[in-house]
Structure formats: C-alpha cells, structure tokens
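First up is the structure itself, then whatever we jot down about it.
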Protein chains: 2
Amino acid sequence: MRHFFMFTLLTLALTAPVARPALGQSDPLPSWNDGATKRAIIAFVDKVTKQGSPDFVPPAERIATFDNDGTLWCEQPLYVQIVFAVDRVRTFAATHPEVKDQPLFKAALGGDLKAVLSVSAYDRLQFLATSHAGMTTDEFTAIVNDWLKTAKHPRFKRPYTDLVYQPMLELLAYLRINHFKTFIVSGGGIEFMRPWTDSAYGIPPEQVVGSSIKLKYELRDGQPALFRLAEIDFVDDKAGKPVGIQQAIGRRPIAAFGNSDGDYEMLRWVTSGPGPRFGLIVHHTDATREYAYDRDSNVGRLVKALDEAPERGWVVTDIKNDWNVVFSWEKE
Amino acid sequence: MRHFFMFTLLTLALTAPVARPALGQSDPLPSWNDGATKRAIIAFVDKVTKQGSPDFVPPAERIATFDNDGTLWCEQPLYVQIVFAVDRVRTFAATHPEVKDQPLFKAALGGDLKAVLSVSAYDRLQFLATSHAGMTTDEFTAIVNDWLKTAKHPRFKRPYTDLVYQPMLELLAYLRINHFKTFIVSGGGIEFMRPWTDSAYGIPPEQVVGSSIKLKYELRDGQPALFRLAEIDFVDDKAGKPVGIQQAIGRRPIAAFGNSDGDYEMLRWVTSGPGPRFGLIVHHTDATREYAYDRDSNVGRLVKALDEAPERGWVVTDIKNDWNVVFSWEKE
Ligand SMILES: [Ca+2]
Ligand SMILES: [Ca+2]
C-alpha cells in the first residue's frame with residue numbers, strides 16, 4: 001500500500017507538467033457552449049494526441065495557425081492597424097506636406113476611411129508603409145506600444161488589446177497544453193503585432209507571421225540599427241498566407257483558424273494535407289455583443305470560404321450561438 | 001525517514017525535466033577542452049540563467065542564432081549546397097540544353113567550381129535558383145533527402161550529415177537545457193536545410209532562417225501546392241543576417257555563433273544590444289582533423305570578424321586547441 005501510494009504520487013508528479021485537462025472535471029473551453037463546434041474541436045485534439053491512434057500526430061508537427069483580425073480580436077468598425085495608421089499619417093503629414101495631395105493620404109486625413117478600405121491589400125500596405133517607415137524597428141515598436149496605451153475602441157471605449165475574444169484565448173491555451181505550437185498568420189503588419197501578441201495571446205514574436213516592409217541594416221552613430229524602408233517586402237494575405245507559412249514555419253500546419261476570404265487559401269492549404277486536418281471559420285453573427293457581418297462587409301469580407309465550408313469540412317463557429325462570452329470583461 | 005525518501009523522489013521527479021546539469025558531476029561540454037573559450041561559454045550561460053542576478057535574462061528572451069556552414073557542419077572543400085547544386089545542374093541541363101552556354105552553368109558542368117565560388121552570393125543564389133526551382137516545395141524536400149542519402153564527402157567518405165561538429169551539438173544541447181531557443185541563421189538555402197536540421201541538430205524547420213527563392217501558391221489538379229520560382233526572395237548573408245533575424249524572429253538574439261565575415265553584421269547586431277551578450281567565432285585551425293583556413297579561403301573567408309574580435313569581445317574558438325573531438329565518429 002505504501003509503495004502504491006508513492007508510485008501514485010510519483011506518477012502524478014512526473015505527468016503533471018504535461019497532463020491533459022480532464023474534461024469531466026474542468027472544461028478547458030468554458031466560454032464555448034456545448035454543441036457541434038465545441039465537440040468538433042475537442043474530437044480533433046483528442047484524436048491527434050492519442051498515442052497509438054491512427055490519427056496520432058507527433059507534438060513537433062502539431063502546428064496551428066491563426067488569422068488575427070476578426071479571428072483573435074475585433075476588427076470592426078475598422079482594422080485596428082488602419083486606425084493606428086490614420087494617427088500615424090497625421091503625424092507624418094505634419095512634417096511631409098508633399099503627401100497631402102496623394103489620394104489615399106488625402107482620404108485618410110479627411111476621414112474618408114472607406115476610400116482606404118476600398119483599395120487592394122497591396123495598395124493599402126504601400127500606403128501604410130510610407131507612414132510606418134523612416135525609423136528603426138525599435139522606434140516603431142515604441143510608437144505602437146505608446147499608441148496602444150491610449151487608443152480606445154469607438155464603441156466599447158476600451159483599449160484595443162481588451163478586444164481579444166475570450167473563447168479564442170481558451171482555444172489557444174487548450175491547443176498549447178496539448179503541445180500544439182500556435183502561430184499568428186495575419187495580413188496585418190508583422191511589427192504592428194509583435195509588441196503585444198505575447199501578452200495578449202501568449203504568442204511570442206517569433207511565432208508571428210504577417211505582412212512586412214523591407215528593412216535595411218545600417219550603422220547609426222557607429223551603432224547597428226535596422227531601418228524600416230517605405231517598400232513592401234511581403235503581403236501575407238490570400239494566396240500569400242500559404243507562402244508566408246512555408247517561408248516562416250517551413251511545414252504545413254495541421255489546423256487553421258480564420259474569419260474571411262483572406263484565409264481561404266490558408267484553409268485550403270492546411271486542410272488538404274495528408275492525415276488529420278482541422279479548419280475553422282469564425283462567423284460574426286452577434287450584433288448585440290459584437291458585430292454581425294460577412295458577405296457585404298469591406299472589413300473581413302466572407303463569401304467563398306463560407307460557401308465552401310460544408311464541402312471542405314471546415315467548422316463554422318457561429319458567435320451568437322457558440323460563444324457564451326465574447327470579451328472577458330463583458331459580464332463585469 | 002520514509003517521508004524524507006519520498007520527498008526526495010518527488011523532488012527529483014518534479015525537477016528532473018528542467019534540471020541544469022551539475023557541472024561538478026557531469027560536464028555538459030565534454031568535447032570542449034578546459035580553457036578560456038569553454039569557461040567564457042559557461043560563465044555567460046550561468047549569469048543569464050541565475051535568478052536575481054543583474055544579468056538574468058528571462059527564458060523567452062534567450063534567443064541564440066547559429067550560422068550553419070563552417071559553424072555547425074563542415075563547409076570544406078566546398079559548401080555542401082554547391083556540391084548538391086552541381087548534381088542538380090547536371091539533371092537540369094539534361095532537360096534544359098539552353099542553359100549550357102550560360103557562364104556559371106558551363107563552369108559548373110565543366111567542374112570549374114572556383115568560378116562558381118568567385119561570384120557574389122546574390123549571383124550564386126540566382127544560379128542555384130534556376131536549378132532548384134520549377135517544382136513544389138514537397139518535391140524539392142524529397143530531392144534533398146534522396147541526395148543526402150547517397151552523397152559522400154570527398155575526403156571523409158561519409159554522408160554530409162555525419163560532418164556536424166560534436167562540440168557544437170553539445171553547445172546547442174547545453175543552451176537548450178538552459179532554456180535558450182536555438183535558431184540557424186545561414187546564407188544557405190532555407191529549404192535545403194530544413195529537411196535535416198531537426199535530426200542533425202535538434203533544430204525544427206520553424207527555427208531555420210536562410211536564403212530563399214520566391215514561392216507561388218497554385219492549384220495543381222485541384223490540389224493546393226507551393227511552387228518554387230527561379231527568382232531570389234531573400235539573401236540571408238552579411239547585412240542580410242540581422243534583417244533575416246528581425247523578419248523571422250522579431251527580436252534581437254542575446255548570443256550569436258559564426259565562422260566567417262558573412263557573420264560579421266549578425267555578430268555586431270547581436271552583441272551591441274543592451275544587457276549581457278555573447279558572440280563566438282569558430283576558427284578553423286586544424287588541418288589534421290578537419291581544415292585550416294581563414295583569410296585566403298574562398299569558402300568561409302574570415303578577415304574582418306577575426307581582426308575585430310578582441311575589441312568587440314567576441315570569443316574565438318581555436319578548433320585545434322579548444323576541441324578534443326571534432327566529429328563524433330573520429331575515434332571509432
Ligand atoms: Ca481576418
Ligand atoms: Ca559560415
């Protein structure tokens with residue numbers, strides 16, 4: 001008996017750091033309502049983590065990629081980086097009056113954000129690049145951090161980093177405890193995200209994939225620095241997402257999470273690989289607690305990925321019905 | 001007494017997975033001779049991992065970057081990827097006779113590898129790109145794996161993956177057990193390295209930074225695929241290394257390891273940051289067990305980084321004196 005007790009303690013001690021949460025005892029996804037979506041997530045994780053199962057995936061290959069805007073945090077009424085950019089553009093135009101006649105600058109300065117949203121992702125990134133360049137990477141990080149400290153969402157009157165989705169935080173944690181490596185794969189600027197993804201999501205800078213501008217290594221006052229150039233390096237959107245995944249991660253993820261047609265190619269790339277695969281779309285259906293939008297939205301437009309979800313086996317999360325909490329603070 | 005015994009067992013069980021090796025008991029770097037180099041490595045790791053020390057660095061920020069050719073594996077008499085490329089060029093030229101008149105193809109096919117080495121890294125990569133493109137990423141990985149199975153080093157008559165440096169393997173393991181995250185940052189092709197870095201070094205694909213060609217996402221027979229284009233995407237050499245580090249990792253490493261002037265800018269970038277920093281150069285000084293080369297070599301040329309090492313505080317590893325083993329199999 002004594003030996004059995006010691007053995008049990010030892011077993012617990014040895015297995016505790018990697019133990020899977022016992023679902024019967026504590027629900028790893030409490031903000032998800034019981035239903036087909038939640039059950040599909042848990043069934044997938046169970047089968048790929050079960051030793052000896054034909055669907056077992058070694059931990060090193062458990063790569064999961066998440067879109068950011070509209071998948072992990074709120075993107076309405078405007079992508080957060082656009083709001084940031086308009087503030088940057090004002091600062092930039094004050095010292096560079098020559099840009100005031102350029103159409104997108106003129107539109108942004110005049111508050112016509114529809115014009116900014118109506119151009120292609122490439123043209124928008126080029127516009128962003130101008131006001132996001134001409135400084136070192138360290139300086140840009142400081143600007144982002146300063147802005148996030150004071151900027152507030154127009155409807156929720158809270159810092160943008162409060163507008164991360166509680167159910168998705170639980171999902172990220174649930175995957176990580178099951179030895180998934182979680183990455184962001186976003187159309188947003190990589191250096192706009194990296195300063196806060198670790199504190200907001202537990203995703204470190206080296207696991208963020210995004211759009212980028214070119215950098216140049218130079219000595220400034222004899223000290224090495226990396227300067228941001230007003231030139232696009234990579235657009236991590238649509239067909240760019242599988243490319244960004246390959247260049248940055250070097251292997252095909254087994255699970256992908258998105259919310260718009262910008263994620264269509266990532267979802268196809270990830271879910272068409274061999275072995276068990278998981279694709280999920282966050283469908284914004286709750287205008288009361290957040291926003292309701294899909295086909296007709298300029299922000300996070302969702303048509304093709306939604307239409308093809310059934311035939312491709314992608315799980316569609318209906319926020320209104322699947323999430324009992326959207327933001328952690330909403331019941332305060 | 002019984003309780004004490006149980007407590008001891010439990011403590012061992014709980015701490016074993018993350019325990020630091022007790023240096024007095026088992027040397028984590030047995031292939032390194034006792035001396036200034038080994039002591040400098042251990043002193044650095046000790047100070048950044050000591051809780052409460054002014055030099056303590058949180059685990060998440062313990063990023064270490066390693067050059068590959070000549071730092072982790074043998075690069076003489078030719079960069080391994082050049083040997084691979086010449087084989088690829090032969091295959092490619094057989095079906096693309098029009099390339100036979102291009103100067104670098106002509107040189108490579110005629111065995112004039114000096115000509116291939118004498119051009120810039122950019123021109124060489126463009127040449128490599130031609131024969132490394134026109135296939136999917138999965139197909140290229142299979143070609144690399146097949147080639148490594150049969151190719152042998154001309155002097156050592158062993159597979160190239162046997163020519164990894166045993167002391168560097170110990171160093172990688174020692175850093176990882178101290179919660180460093182180890183990355184490769186190489187001028188070599190990223191997809192040439194990724195198929196084997198995990199088994200050779202314990203470095204997974206997502207921790208490999210390297211030179212790359214452009215990729216294109218396309219459907220082939222209705223299935224998503226990533227095609228390799230004969231167009232340079234990024235040259236991860238010299239001033240490209242700090243840029244590659246920032247784009248891929250997103251923060252400044254605290255330790256860097258290299259062997260040539262191609263690592264000069266990486267060493268400067270890494271060691272000029274605030275807080276404790278470590279830079280190390282592998283100096284090839286042992287013609288008997290491996291090769292002796294530096295200033296006059298076309299492969300792994302080392303001049304500026306060696307000259308400036310003392311003033312910049314970079315540790316120079318003298319292979320002949322610092323390593324009691326170069327390759328794990330040499331005492332067989
Ligand atoms: Ca999105
Ligand atoms: Ca090298």
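Chain letters run A, B, ... following the sequence lines, proteins first, then strands; residues in each count from 1.
- The side-chain heavy atoms of B:Pro242 and A:Leu226, taken from C-beta on, include a pair separated by under 4.5 Å.
- Sorted by first and then second residue, the ring pair (Phe, Tyr, Trp, His ring centres under 6.0 Å) pairs involving residues 208-245 of chain A (not counting sequence neighbours) form an empty list.
- Between chain B and the residues A:Arg251, A:Lys214, A:Lys216, the largest count of heavy-atom pairs under 4.5 Å involves A:Arg251.
- In this structure, B:Glu191 and A:Gln246 have side chains that are in contact, with non-hydrogen atoms separated by less than 4.5 Å.
- For the residue pair A:Ser272 and B:Gln223, the shortest heavy atom distance occurs at CB-OE1, 3.7 Å.
- The candidate with the highest count of non-hydrogen atom pairs below 4.5 Å against chain B, out of A:Lys181, A:Gln207, A:Arg252, is A:Lys181.
- B:Ala239 touches chain A through backbone and side chain together, each having a heavy atom under 4.5 Å away.
- If you take CG on B:Asp233 and CG on A:Asp233, they are separated by 7.0 Å, rounding to the nearest 0.5 Å.
- Both the backbone and the side chain of A:Arg268 come within contact range of chain B, each with at least one heavy atom under 4.5 Å from a heavy atom of that chain.
- Heavy atoms of B:Ile190 lying under 4.5 Å from chain A belong exclusively to its side chain.
- Rounding to the nearest 0.5 Å gives a distance of 12.5 Å between CD of A:Glu206 and CD1 of B:Ile245.
- Residue contact with chain B, scored on non-hydrogen atoms closer than 4.5 Å, involves the backbone of A:Ile213 exclusively.
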